[in-house]
There are 4 protein chains.
Amino acid sequence: MTDTSKEKTTEQKIEDAAVELFSNKGFHETSMRDLAAEAGVAIGTIYHHYEDKNQIMLKMIRRALEEREKTIQELNESNLPVKWQLEKVLRMHLERVQKNETRGKLVLNQLRQPNKAFQQEFNRLYDELANYLTNLFQRGIETGEVTSCNPRVAAYALLGAVETVTLKAVAGKLELTEEFLDNGPRQLTNLLWHGIESSN
Amino acid sequence: MTDTSKEKTTEQKIEDAAVELFSNKGFHETSMRDLAAEAGVAIGTIYHHYEDKNQIMLKMIRRALEEREKTIQELNESNLPVKWQLEKVLRMHLERVQKNETRGKLVLNQLRQPNKAFQQEFNRLYDELANYLTNLFQRGIETGEVTSCNPRVAAYALLGAVETVTLKAVAGKLELTEEFLDNGPRQLTNLLWHGIESSN
Amino acid sequence: MTDTSKEKTTEQKIEDAAVELFSNKGFHETSMRDLAAEAGVAIGTIYHHYEDKNQIMLKMIRRALEEREKTIQELNESNLPVKWQLEKVLRMHLERVQKNETRGKLVLNQLRQPNKAFQQEFNRLYDELANYLTNLFQRGIETGEVTSCNPRVAAYALLGAVETVTLKAVAGKLELTEEFLDNGPRQLTNLLWHGIESSN
Amino acid sequence: MTDTSKEKTTEQKIEDAAVELFSNKGFHETSMRDLAAEAGVAIGTIYHHYEDKNQIMLKMIRRALEEREKTIQELNESNLPVKWQLEKVLRMHLERVQKNETRGKLVLNQLRQPNKAFQQEFNRLYDELANYLTNLFQRGIETGEVTSCNPRVAAYALLGAVETVTLKAVAGKLELTEEFLDNGPRQLTNLLWHGIESSN
DNA sequence: TATGAATGAGACTTCATTCAT
DNA sequence: AATGAATGAAGTCTCATTCAT
């Protein structure tokens with residue numbers, strides 16, 4: 001029984017099953033039975049680790065967002081130029097999704113759900129991202145780096161653009177070549193930064 | 001019994017209830033009982049008009065998207081400059097949402113749901129939009145109006161940006177003043193067109 | 001509008017639909033909607049002709065059995081030899097089923113249903129048949145035409161044998177050649193009469 | 001908690017309730033609520049043990065017929081004279097019904113139902129019986145034990161006769177004295193074997 | 001900690017029946 | 001007489017959750 005680091009813990013098995021099923025079938029379409037079967041544990045076991053079904057989702061969301069939160073706080077405290085921060089944020093986002101496609105899909109799927117019990121906390125965490133970007137743009141406007149605009153609108157526009165591109169990529173609607181995944185963040189930054197107008 | 005055109009048809013009552021509840025509580029969280037109560041009809045009456053619950057959602061989605069499809073086909077056949085078409089599309093979108101906030105919310109909420117029965121048809125309609133924009137940008141690149149970029153990525157980015165801004169506005173996260181709703185499309189077009197870089 | 005005797009009356013349409021569906025799908029599996037659709041009339045129309053669904057079945061059953069009852073009463077009052085009466089009854093039965101297969105199936109299907117509302121009356125009518133045969137055999141025993149046996153047991157055995165053969169024939173499990181339908185009654189009578197023992 | 005072998009298992013409770021209600025009220029007239037109440041368990045519990053309502057009936061049918069199948073296979077492989085096998089089959093049948101009247105009634109009630117989901121498998125099992133008898137008679141004809149006749153017709157006639165007698169007995173229409181139940185099979189065999197003609 | 005049988009509220013859906021037209 | 005939209009009770013089945021082992 002010496003743990004050889006090969007065997008997953010029960011907790012890990014449940015978490016993996018949840019990410020897999022919630023992101024591919026959806027929260028409601030996944031029953032506790034499905035979850036237990038996918039994880040290879042008994043239903044009762046899941047209830048030893050989570051209070052109820054909502055808490056499972058909540059934990060997945062928290063874990064995914066908290067990682068992002070941390071990076072954002074660091075960036076927020078740096079005084080890097082706006083464009084630079086923007087590229088870093090995009091790069092972080094794409095890397096996260098690349099590293100764990102399924103969890104990324106899970107979070108992105110949740111973004112538009114109304115009114116669920118765990119939606120409140122989810123929105124709280126999500127708003128931090130929006131606030132960070134809003135402030136970033138606000139400061140950019142003040143320093144002249146960014147064109148005059150409603151910074152919150154710009155923030156949501158940016159988030160929406162990135163989310164959608166990512167989701168479609170993960171869903172297989174976009175061929176994300178190696179090259180795109182490497183240069184993508186810079187290209188996307190440029191696109192957003194300079195707009196789609198030809199400079200000719 | 002003189003029909004004063006004030007009274008809603010049964011079908012209309014059901015439709016209104018569905019839009020109201022699906023967009024505010026979500027599809028799964030809305031039971032047929034809820035729906036019947038909100039519409040002021042018996043449960044059986046709903047089944048007289050719709051085959052099952054999914055078909056109700058499907059009809060709402062179809063109706064919302066088919067209106068958009070028509071406008072897009074017209075634009076597609078016009079030969080207006082890319083930027084102009086872009087502004088027209090945004091204007092159409094905002095007007096639609098303004099005119100029927102709830103239905104707009106309903107559709108936007110559905111964009112990210114995985115795997116439901118009606119998701120297939122929904123995606124088919126949604127892809128037409130994406131294809132239209134992709135072609136628009138592709139032609140723009142060829143005519144030199146648009147900077148060199150992956151036109152499909154740009155299309156999804158644009159869609160995501162607009163969806164998110166709209167959804168947040170409808171959800172009350174953005175104060176959309178009268179002025180914004182009037183000038184919004186032009187401003188948003190400019191933002192997307194020139195990017196957020198200051199021209200100073 | 002002069003009735004050209006080609007057009008079925010509404011009542012006839014309903015009756016035909018009922019026989020068709022009840023015998024092929026079963027009573028419970030046939031909804032009033034199915035019935036209305038098959039008959040080509042509105043649901044409400046059916047309720048102008050029948051009090052409720054049970055009454056429709058009841059009427060089918062009554063009609064089928066009353067025809068048989070009449071013949072049996074006549075036979076009962078005749079003083080034909082037992083074997084002769086037996087053959088006549090079998091012939092009548094097979095002819096009836098041949099003439100209206102579906103109605104025959106309907107009745108045979110009902111023979112074994114427990115406890116239904118209309119089962120009571122059905123059984124009353126069915127028992128008349130059993131009683132007739134019981135009396136027939138009883139008299140046969142008294143006159144020495146029939147071997148000593150429990151006449152009621154013999155009656156039920158006969159009924160069961162005939163029903164089952166008929167039902168299987170109608171269901172396609174037996175190839176009932178023209179020849180069998182002609183000579184069947186006599187052969188079956190002989191089989192029952194002399195048993196299956198070889199006379200060699 | 002010492003299991004005194006007096007307490008029924010949940011499965012057994014459900015099975016007993018199903019046999020009781022299906023045979024007395026009928027399949028359609030028995031709701032899952034009825035079943036749960038009679039068994040003294042929750043509705044959900046039934047679904048823990050059976051996939052759906054049809055599967056419950058199917059299991060009852062299978063159990064009843066599989067016992068019969070086994071005996072028949074043994075007889076089939078024996079080379080006993082036809083008349084002897086016939087008597088043994090009848091004896092087995094009557095004993096089975098005597099031992100578990102209700103289950104017997106259940107099966108007999110199902111014999112005539114059209115088209116239900118579980119009817120297909122039921123018919124498969126039932127046909128084995130018919131085939132066995134058909135072959136038995138066929139061989140009897142070849143060996144000269146049995147009179148020349150369509151052996152399949154004879155098989156169905158026999159089955160029908162026995163079923164109906166049994167069912168009426170169980171339903172209380174026949175007074176089956178101890179004596180009859182003991183000597184019944186021999187008498188019934190004789191009746192079928194020699195026919196009802198008096199040998200005088 | 002782990003199990004999985006048991007629970008029962010509540011979901012979706014069907015369907016015989018009514019009634020205004 | 002004929003229609004069919006409307007009704008709502010009752011049906012089957014699902015599922016998050018509990019609890020004795």
Side-chain angles (χ1 to χ4, degrees), chain A residues 9-11 13-14 27-37 39-56 117, chain B residues 1 9-11 13-14 27-37 39-56, chain C residues 9-11 13-14 27-37 39-56 117, chain D residues 1 9-11 13-14 27-37 39-56:
Chain A
T9 64
T10 299
E11 188 113 13
K13 286 191 233 164
I14 296 169
F27 180 77
H28 273 104
E29 287 77 5
T30 301
S31 68
M32 292 302 277
R33 247 193 206 190
D34 293 341
L35 221 44
V41 301
I43 290 180
T45 304
I46 301 182
Y47 281 89
H48 271 285
H49 293 270
Y50 295 88
E51 202 176 327
D52 60 24
K53 198 184 170 194
N54 279 355
Q55 297 305 313
I56 305 175
Chain B
M1 292 308 145
T9 65
T10 298
E11 191 115 11
K13 286 192 235 165
I14 296 169
F27 180 76
H28 276 105
E29 287 77 5
T30 301
S31 70
M32 294 302 279
R33 232 193 284 277
D34 293 341
L35 219 46
V41 302
I43 289 181
T45 304
I46 301 182
Y47 283 92
H48 194 74
H49 292 271
Y50 294 88
E51 204 174 325
D52 60 22
K53 202 184 166 193
N54 278 355
Q55 298 305 313
I56 306 176
Chain C
T9 64
T10 297
E11 190 114 12
K13 285 191 233 164
I14 295 170
F27 180 76
H28 273 104
E29 286 79 3
T30 301
S31 67
M32 294 300 278
R33 247 193 207 188
D34 292 340
L35 221 45
V41 302
I43 289 180
T45 305
I46 300 181
Y47 281 89
H48 271 283
H49 294 269
Y50 295 88
E51 201 175 328
D52 59 26
K53 198 185 169 193
N54 278 353
Q55 298 306 312
I56 305 176
Chain D
M1 290 314 145
T9 63
T10 298
E11 192 115 9
K13 286 192 234 165
I14 296 169
F27 180 77
H28 275 106
E29 287 77 5
T30 301
S31 69
M32 294 303 279
R33 232 190 285 278
D34 293 340
L35 219 45
V41 301
I43 290 180
T45 304
I46 302 181
Y47 283 92
H48 194 74
H49 293 271
Y50 295 88
E51 205 173 325
D52 59 23
K53 201 184 169 192
N54 279 355
Q55 297 305 312
I56 305 176

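Numbered from 1 within each chain, the chains take letters A, B, ... in sequence-line order. What you are looking at is a predicted structure, and each value in this text was computed from that prediction instead of being measured.
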Colleague: Could you tell me how far apart C:Leu35 (CG) and F:dG4 (C1') are, to the nearest whole angstrom?
Modeller: 16 Å
Colleague: Check the distance between F:dA2's P and C:Tyr50's OH and give it to me in whole angstrom.
Modeller: 12 Å
Colleague: For D:His28, enumerate each residue passing the side-chain contact (heavy atoms from CB on, under 4.5 Å) test, keeping only those at least two apart in sequence or located in another chain.
Modeller: C:His28, C:Glu29, D:Lys116
Colleague: Respond yes when some side-chain nitrogen or oxygen of A:Tyr47 is under 4.0 Å from OP1 or OP2 of F:dT17, and no when none is.
Modeller: yes
Colleague: According to salt bridge (charged side-chain N to carboxylate O under 4.0 Å, His left out), who are the partners of A:Asp34, at least two apart in sequence or on a separate chain?
Modeller: A:Lys25
Colleague: With sequence neighbours left out, what residues match C:Glu11 under side chain to side chain donor-acceptor pair (under 3.5 Å)?
Modeller: C:His49, C:Lys59
Colleague: Is the shortest side-chain N/O distance from C:Thr10 to OP1 or OP2 of F:dA1 below 4.0 Å?
Modeller: no
Colleague: How close do B:Phe27 and B:Asn54 get, heavy atom to heavy atom, and via which atoms?
Modeller: CZ-OD1, 3.3 Å
Colleague: How many Å lie between CZ on C:Phe27 and C1' on E:dC15, as a whole number?
Modeller: 12 Å
Colleague: Under a cut-off of 3.5 Å for both distances of each Watson-Crick or G-U pair, what dot-bracket string does DNA chain E give, using [ ] for crossing pairs and | for inter-strand pairs?
Modeller: .||||||||||||||||||||
Colleague: Could you say whether C:His48 or A:Glu29 is positioned toward the 5' end of DNA chain F, judged by the nucleotide with the nearest heavy atom to each?
Modeller: C:His48
Colleague: Got a list of protein N/O to nucleotides 8-11 of chain F N/O distances below 3.5 Å?
Modeller:
from  : atom 1 : to      : atom 2 : distance (Å)
F:dG8 : N7     : B:Gly44 : N      : 3.4

Colleague: In whole Å, I'd like the distance from the CD1 atom of D:Ile46 to the P atom of E:dA6.
Modeller: 11 Å
Colleague: For B:Ile46, which residues count as a side-chain contact (heavy atoms from CB on, under 4.5 Å) partner, sequence neighbours excluded?
Modeller: B:Ile14, B:Met32, B:Leu35, B:Ala36, B:Val41, B:Tyr50, B:Ile56
Colleague: Give the rounded distance in Å between these two atoms: CG of A:Asn54 and C1' of F:dC15.
Modeller: 14 Å
Colleague: If you pin A:Asp52 and B:His49 to their nearest nucleotides in DNA chain F, which one's is more 5'?
Modeller: B:His49
